[in-house]
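Step one of this worksheet: look at the structure below.
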Amino acid sequence: MMRLVLLGPPGAGKGTACMSIIENYGLIHMSSGDILRAERAANSELGQKAQGYMDSGQLVPDDVIIGMMIGAIQKAEGGYVLDGFPRTVLQGEELDKALDAIGGKIDAVLDLQVPDEVIEARMTGRRSCPACGGVYHIINLKPKVEGQCDKGCGELTQRADDVPEVVANRLKIYHEQTAAVVGYYKSVDKKIIEINANQAVDDVKASVIAELDKLS
Ligand code: AP5
């Protein structure tokens with residue numbers, strides 16, 4: 001049973017890589033962004049709290065996210081891959097404390113590396129399926145029928161935080177607050193697997209699977 005953390009800047013391809021990971025290893029995909037978007041769609045109190053932060057590219061406050069994600073992790077049956085969490089050093093510390101308490105641990109941390117210049121085109125061209133969470137790109141990963149999810153769920157949508165001004169803010173926040181999470185995991189001797197995510201989708205997928213095959 002593998003428990004993984006996937007790190008990397010916004011638009012690095014974390015969600016895309018997770019699709020291959022869950023297909024190959026049967027892990028549960030736990031994306032903090034997807035959980036928050038579902039809370040917003042349900043108009044829950046948590047979703048309403050998160051809305052302003054997400055739309056402007058800020059991080060949702062740690063106290064909101066930590067409770068939400070640790071609650072979900074404690075209910076998970078089997079291995080999982082965490083996508084978008086932890087995103088601050090405090091989130092990483094609290095995750096480790098919660099896992100210690102239930103006798104669990106993160107087996108490896110994958111760090112997807114992509115230069116900032118590549119990110120904007122990835123995010124502004126992204127289209128997502130609000131029903132199944134599928135991720136496409138208008139040039140790099142086209143759906144079979146333009147604008148429609150390949151799984152038959154219906155129309156693809158563009159995320160409100162994928163416009164250039166918000167993308168720039170998300171990248172700034174990543175460098176200020178999230179990049180340090182890699183340092184945190186190094187400081188506690190966690191295995192860090194660096195992945196060159198500035199390659200074609202299939203090549204990134206092959207690199208990730210080759211690395212994870214060594215662990216399983
Ligand atoms: P979240 O949803 O987690 O967004 P993110 O981390 O910014 O990551 P993205 O989902 O934008 O990108 P990705 O790396 O998954 O890339 P993808 O595979 O889609 O978070 C959204 C917001 O929620 C945050 O801003 C924050 O407000 C809040 N939040 C979430 N978690 C939080 C936390 N822990 N703490 C506080 N706040 C939190 O790929 C992008 C595009 O590129 C796609 O179109 C894809 O088809 C394409 N693509 C992928 N790989 C490649 C490739 N190799 N080559 C070419 N194109 C590619």
Side-chain angles (χ1 to χ4, degrees), residues 4-18 21 29-37 40 49-66 68-70 81-97 106 108-126 128 135 137 139-141 158-201 203-205 207-208 211:
L4 305 172
V5 165
L6 201 49
L7 298 177
K14 300 184 293 296
T16 305
C18 279
I21 296 174
H29 180 202
M30 301 184 87
S31 155
S32 49
D34 286 350
I35 297 175
L36 287 168
R37 282 183 284 279
R40 286 181 62 172
K49 264 191 211 164
Q51 187 160 335
Y53 296 102
M54 294 174 78
D55 287 348
S56 61
Q58 303 289 323
L59 294 186
V60 175
D62 280 339
D63 57 335
V64 176
I65 289 291
I66 290 168
M68 177 186 93
M69 288 305 288
I70 288 178
V81 52
L82 298 175
D83 165 9
F85 178 84
R87 222 172 179 110
T88 62
V89 171
L90 181 67
Q91 292 179 17
E93 291 168 347
E94 292 299 320
L95 171 63
D96 280 348
K97 276 189 214 161
I106 295 299
V109 175
L110 283 90
D111 183 26
L112 299 195
Q113 301 182 334
V114 187
D116 285 5
E117 332 51 283
V118 177
I119 298 288
E120 185 178 325
R122 286 201 185 174
M123 288 204 273
T124 51
R126 171 169 45 195
S128 314
V135 180
H137 190 278
I139 297 165
N140 306 331
L141 200 61
Q158 185 169 21
R159 276 170 44 177
D161 58 349
D162 277 348
V163 294
E165 337 49 284
V166 180
V167 167
N169 199 30
R170 288 164 65 195
L171 268 174
K172 180 170 169 276
I173 301 281
Y174 169 79
H175 289 296
E176 287 171 359
Q177 300 188 45
T178 305
V181 176
V182 178
Y184 165 70
Y185 279 123
K186 282 185 182 156
S187 76
V188 294
D189 292 330
K190 197 59 73 185
K191 183 173 178 59
I192 314 267
I193 301 170
E194 293 179 354
I195 302 286
N196 173 12
N198 189 18
Q199 316 177 68
V201 174
D203 294 333
V204 175
K205 182 174 163 177
S207 306
V208 167
E211 291 293 340

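Positions are given from 1, in the same order as the sequence printed here.
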Presence of salt bridge, Asp55 and Arg40, under 4.0 angstrom: yes
Spacing of Leu4 atom CG and Ile106 atom CD1 [to the nearest 0.5 Å]: 7.5 Å
Criterion side-chain contact (heavy atoms from CB on, under 4.5 Å) on His29 and Asp34, from CA distance to verdict: CA-CA 10 Å; His29 180 202; Asp34 286 350; 4.1 Å; yes
Over 12 foreign heavy atoms within 6.0 Å of OH, Tyr184: yes
pair Ile66-Leu90: side-chain heavy atoms closer than 4.5 Å: yes
Atom NZ of Lys14 with >12 non-hydrogen neighbours under 6.0 angstrom: yes
Verdict with supporting geometry, Asp62 and Glu94, side-chain contact (heavy atoms from CB on, under 4.5 Å): CA-CA 10 Å; Asp62 280 339; Glu94 292 299 320; over 6 Å; no
Test side chain to side chain contact (heavy atoms under 4.5 Å, CB included) applied to Ser31 and Asp83, Leu6, Leu82, Leu36, the passing residue: Asp83
Met123/Arg159 under side-chain contact (heavy atoms from CB on, under 4.5 Å): CA gap, chis, key distance, verdict: CA-CA 9 Å; Met123 288 204 273; Arg159 276 170 44 177; 6.0 Å; no
Euclidean distance, Thr16 OG1 relative to Asn140 CG, rounded to 0.5 Å: 9.5 Å
Short N-O contact, Asp161 and Arg126, less than 4.0 angstrom: no
Contact check, side chains of Pro86 and Val5, non-hydrogen atoms, under 4.5 Å: yes
For Met69 against Met30, the heavy-atom pair lying closest together: CE-O, 4.1 Å
Side-chain donor-acceptor contact under 3.5 Å, His175 with Asp116: yes
Thr178 side chain to Arg87 backbone, donor-acceptor under 3.5 Å: yes
Given Asp189, Val181, Val182, the one that forms side chain to side chain contact (heavy atoms under 4.5 Å, CB included) with Tyr185: Val181
